[in-house]
There are 2 protein chains.
Amino acid sequence: MTISEIAKLANVSIGTVDRVLHKRGRVAPNTVEKVMSIIEEHGYQPNTYARNLKLSRQFTIGVLLPLLHSEYGYWNLMYEGILKAAKELSPLAVTIDMLEFDRTKEGSLLAQGRRILEKSVDALLLAPVVPAEAKTLLADHPTLDYAFVDSPLPDTIPVCSVIQNPYQGGYLAGRMLHLLQPNGGTLLAVQTHRAAYNSSERVRGFLSYFADKPAYKTYDMEIHFAGQNPLGDLDVFYRNHPDMSGIFVVNDAIHRVAGLVVQLGRKSQTVMIGYDAIAQNCKAMKNKQVDCLLSQRPEFQGYTAIYQLYRKGLLNQLPETTICVPIDIILPENLMVEGETYLKP
Amino acid sequence: MTISEIAKLANVSIGTVDRVLHKRGRVAPNTVEKVMSIIEEHGYQPNTYARNLKLSRQFTIGVLLPLLHSEYGYWNLMYEGILKAAKELSPLAVTIDMLEFDRTKEGSLLAQGRRILEKSVDALLLAPVVPAEAKTLLADHPTLDYAFVDSPLPDTIPVCSVIQNPYQGGYLAGRMLHLLQPNGGTLLAVQTHRAAYNSSERVRGFLSYFADKPAYKTYDMEIHFAGQNPLGDLDVFYRNHPDMSGIFVVNDAIHRVAGLVVQLGRKSQTVMIGYDAIAQNCKAMKNKQVDCLLSQRPEFQGYTAIYQLYRKGLLNQLPETTICVPIDIILPENLMVEGETYLKP
DNA sequence: TGCATTTGCGTTTACGTTAACGCATAGTAT
DNA sequence: ATACTATGCGTTAACGTAAACGCAAATGCA
């Protein structure tokens with residue numbers, strides 16, 4: 001069913017049908033009705049190829065992420081997924097335009113966001129880790145299509161949010177630590193950077209898992225690697241709690257913490273569990289410094305968000321608004337390392 | 001960079017450029033060279049929209065899967081992924097044409113395969129679970145683009161194989177069973193239908209995990225639900241092995257086996273681990289009849305294979321030839337049930 | 001009444017690619 | 001010599017959509 005077939009059936013020209021379809025006015029009310037009824041009856045779907053050929057536009061998706069190297073590779077994995085999607089979609093005239101912001105600096109998200117929106121992007125992919133600034137930014141551009149990764153932003157209407165439940169992740173970390181360390185003891189939940197929503201929720205879930213298990217005592221601690229004495233802090237904790245038996249790091253810094261634990265000679269008594277299968281963490285797992293990783297599939301998040309924006313913008317599809325990423329459990333037995341595929345032992 | 005720009009630069013017509021691009025002959029050798037050098041220099045990429053508009057073809061992907069209801073939903077999940085991809089790609093003129101075959105009947109794959117290829121599909125998605133017949137089928141159509149799901153097929157050149165390492169899956173099942181049942185005892189690996197490659201490899205991996213763990217004795221058994229006495233067989237096994245402490249079912253029939261175990265009143269002594277997050281298995285996990293599931297993401301496999309065939313056929317991209325699906329570990333704490341998304345406790 | 005604007009509609013061009021067609025010129029066979 | 005065919009190239013008509021343009025007729029305002 002094409003526009004000209006509709007035109008023939010309605011005894012009007014294709015120009016009239018086009019005006020009806022795009023609500024460009026200058027059509028008599030009863031003509032509109034006639035055309036609309038034919039469209040509804042026959043279920044017209046515009047031809048995507050013809051449509052995009054005619055418009056012949058580059059569809060540019062702005063990408064606004066925290067500094068890729070501000071943490072240890074989590075955001076970089078997300079960026080890899082974004083790049084993969086962009087590469088696949090390049091023959092469909094989709095390009096990305098990326099800017100980073102410093103989540104520790106007030107106003108950085110907002111400023112960088114404004115910079116990228118000045119360039120008139122067609123859609124925006126955003127990690128709303130500074131909620132207030134993200135809201136301000138989006139409020140200034142009410143017609144913009146945007147998608148979230150990493151975490152949701154309440155009171156906004158995104159095309160799509162690709163997220164994971166951090167409370168559940170913390171709870172699952174508790175279960176895994178319980179399985180890996182059935183003997184009880186003192187457990188420590190570690191945060192490394194300034195409290196973020198996902199991090200604190202994970203701690204909450206983790207603590208709640210052990211709330212009804214008296215064989216375990218749980219603590220909550222912040223370790224800062226920049227300009228302080230993380231090794232000393234951790235050493236003091238071990239001396240105060242000789243029955244330490246497990247550590248849960250709520251983010252991708254687990255390999256750093258594991259390094260400290262090994263330096264203190266405490267690995268044998270400590271089960272290590274953390275987040276995100278970044279290269280350093282995978283390596284630490286191979287070296288038996290880390291026992292379990294949970295993953296929020298950051299590559300998948302970025303990849304999916306780009307595709308959803310493309311589907312909305314170029315295919316005019318209305319995708320699910322919330323895509324909830326399963327929590328992956330990674331043990332040495334199902335760790336997949338770059339380049340190794342399907343090796344039969 | 002368009003064809004007419006190339007034509008202008010080369011001082012020829014667009015017809016000539018087109019003949020060079022498509023190697024349709026009737027162009028003087030030095031003209032070919034001139035055009036080619038300009039193309040290489042400027043990096044011409046054909047416009048996908050214009051190309052497909054002109055060709056205005058339906059791209060039909062044939063799908064050849066085992067009877068969707070022959071097992072308990074594994075193939076159905078794969079089909080769901082295929083349908084999802086097909087729905088997303090429908091504005092790009094991609095359609096699927098599916099036929100099922102009976103993997104237990106000799107000649108069924110081949111016959112159904114021939115039926116579907118008679119209809120001149122543009123590409124084929126195939127689960128090569130009857131290797132010899134799949135090879136014969138593909139050998140008869142040397143120019144066809146095809147992709148595999150579920151398992152690979154040696155000595156063929158598919159566009160893409162979306163697979164998982166079954167040996168590793170069995171090994172991981174061993175590790176999880178070990179974690180969930182640290183006390184040793186007798187373990188049973190169960191196959192339910194006629195031995196398939198994936199099933200037997202999983203058993204092999206499972207047994208190898210416990211090979212060096214004398215606290216566990218492992219057995220290997222076939223249970224057939226059709227027309228026999230599975231309950232009786234399992235009962236006999238329990239009586240002969242009172243220290244039974246775990247069962248690994250290598251496929252999606254874990255919920256059926258779990259049902260028998262519950263009937264025999266043996267659940268409390270038996271850790272149950274199986275494959276594939278089909279609805280019945282998820283339900284059994286919610287009811288605490290199943291303790292752990294591994295997943296090969298069948299929806300993802302089907303979804304991805306369709307997309308790769310589309311990318312090859314319509315975008316002319318050359319994707320990775322092997323996509324190795326990670327082995328997902330599903331516990332009650334990270335089980336995702338249809339409809340429930342991101343519920344904060 | 002006269003002129004300008006608005007309304008309603010048809011016509012046309014363009015997007016980039018493909019492939020059929022046409023038309024010379026050159027070479028080959030009868 | 002005539003009638004072929006082969007070669008090398010340009011021209012053109014689609015594919016379906018979008019939107020500018022044009023042209024009447026109807027309406028507004030003096």
Side-chain angles (χ1 to χ4, degrees), chain A residues 1-39 42-59 89-95 122 313-317, chain B residues 1-39 42-59 89-95 122 313-317:
Chain A
M1 172 108 295
T2 70
I3 252 184
S4 67
E5 289 179 280
I6 295 169
K8 235 171 263 168
L9 288 171
N11 275 319
V12 294
S13 74
I14 60 162
T16 303
V17 176
D18 184 62
R19 257 161 292 173
V20 171
L21 281 171
H22 295 85
K23 303 197 173 74
R24 286 196 280 119
R26 302 185 60 155
V27 185
N30 51 347
T31 310
V32 173
E33 206 176 327
K34 189 168 37 165
V35 170
M36 287 303 283
S37 74
I38 288 170
I39 286 172
H42 293 77
Y44 167 77
Q45 285 292 91
N47 181 308
T48 303
Y49 295 121
R51 172 165 227 278
N52 288 293
L53 171 62
K54 182 62 187 80
L55 296 176
S56 70
R57 53 172 165 185
Q58 276 289 320
F59 188 78
L89 292 172
S90 68
L92 301 175
V94 174
T95 47
D122 302 287
L314 286 179
L315 305 185
N316 217 22
Q317 294 181 342
Chain B
M1 172 107 297
T2 71
I3 251 184
S4 68
E5 288 179 282
I6 295 169
K8 235 171 263 167
L9 288 172
N11 275 320
V12 294
S13 74
I14 59 163
T16 303
V17 175
D18 184 62
R19 258 161 302 192
V20 171
L21 281 171
H22 295 85
K23 302 195 172 78
R24 288 197 278 120
R26 301 185 58 155
V27 185
N30 52 349
T31 309
V32 172
E33 207 175 326
K34 189 169 32 163
V35 171
M36 287 303 283
S37 74
I38 289 170
I39 287 172
H42 293 78
Y44 166 76
Q45 285 291 91
N47 181 310
T48 304
Y49 294 121
R51 170 164 228 278
N52 288 292
L53 173 61
K54 182 63 187 81
L55 296 176
S56 69
R57 53 173 165 182
Q58 277 289 321
F59 188 78
L89 292 172
S90 68
L92 301 176
V94 174
T95 46
D122 301 289
L314 286 179
L315 304 185
N316 218 20
Q317 293 181 342

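Letters A, B, ... mirror the listed sequences (proteins, then strands); counts begin at 1.
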> Is B:I14 touching bases, backbone alone, or none of the nucleic acid, heavy atoms closer than 4.0 Å?
Replying inline: base
> C:dG16 P sits how many Å from B:D18 CG, rounded?
Replying inline: 15 Å
> What nucleic acid atoms does A:R26 come within less than 4.0 Å of, heavy atoms only: base, sugar-phosphate, or nothing?
Replying inline: base
> So, the side chain of A:Y49 versus the backbone of B:T48: is there a donor-acceptor pair under 3.5 Å, distance only?
Replying inline: no
>> Quick check for you: among D:dA18, D:dG8, D:dT17, whose closest atom lies nearest to any side-chain atom of A:L55?
In response: D:dA18
> Below 4.0 angstrom from OP1 or OP2 of C:dA14, is there any side-chain N or O of B:Y49?
Replying inline: no
>> Here's a test of your reading of the structure: between A:G15 and B:P46, which maps to the more 5' nucleotide of DNA chain C?
In response: A:G15
> When you measure from the side chain of A:S56, which nucleotide among C:dC15, D:dA18, C:dT17 comes out closest?
Replying inline: C:dC15
> Counting only side-chain N and O atoms of A:T2, is one of them less than 4.0 Å from OP1 or OP2 of D:dG16?
Replying inline: no
>> Could you tell me how far apart A:R19 (CZ) and C:dT11 (P) are, to the nearest whole angstrom?
In response: 11 Å
> NA contact type, A:I3, heavy-atom cut-off 4.0 Å: base, sugar-phosphate, or nothing?
Replying inline: sugar-phosphate
> B:A28 has a side chain; which of C:dT18, D:dT17, D:dC9 sits nearest to it?
Replying inline: D:dC9
> Between D:dT17 atom P and B:L92 atom CG, what is the distance in whole Å?
Replying inline: 14 Å
>> Just to be sure I understand the rule, does A:N30 reach a base, reach only the sugar-phosphate, or reach nothing, if contact means heavy atoms closer than 4.0 Å?
In response: nothing
> From the list D:dT17, C:dT18, D:dG8, which nucleotide is the closest neighbour of the side chain of B:K54?
Replying inline: C:dT18
>> Can you confirm whether A:N52 sits close enough to A:L314 that some side-chain heavy atom of one is under 4.5 Å from a side-chain heavy atom of the other?
In response: yes
>> Checking contacts here: which listed nucleotide (C:dC9, D:dT17, C:dG16) is nearest the side-chain heavy atoms of B:L53?
In response: C:dG16
> Under a 4.5 Å cut-off applied to non-hydrogen side-chain atoms, are B:I38 and B:Y44 in contact?
Replying inline: no
> Atom CG of B:L21 and atom P of C:dT17: how far apart are they, to the nearest Å?
Replying inline: 8 Å
> Is it true that atom CD of B:E33 has more than 12 heavy atoms of other residues, nucleotides or ligands lying nearer than 6.0 Å?
Replying inline: no
> Among D:dC15, D:dG16, D:dC9, which is the nearest nucleotide to the side chain of B:V27?
Replying inline: D:dC9
> Rounded to the nearest Å, what distance is computed from the CZ atom of residue A:R57 to the P atom of nucleotide C:dA14?
Replying inline: 21 Å
> Is a side-chain N or O of B:R19 found less than 3.5 angstrom from the main chain of B:G15, in a donor-acceptor match?
Replying inline: yes
>> For a quick test of reading the model: is some side-chain N or O of A:T16 closer than 4.0 Å to OP1 or OP2 of C:dG10?
In response: yes
> Just how far, in rounded Å, is P of D:dA18 from NE2 of A:H22?
Replying inline: 3 Å
> Over how many whole Å does the gap from B:I6 atom CD1 to C:dT18 atom P extend?
Replying inline: 11 Å
> Would you say C:dT17 has OP1 or OP2 under 4.0 Å from some side-chain N or O of B:S4?
Replying inline: no
> Of all heavy-atom pairs between B:S13 and B:A7, which one has the smallest distance, and what is that distance?
Replying inline: C-CB, 3.8 Å
> How many Å lie between CZ on B:R24 and P on D:dT7, as a whole number?
Replying inline: 15 Å
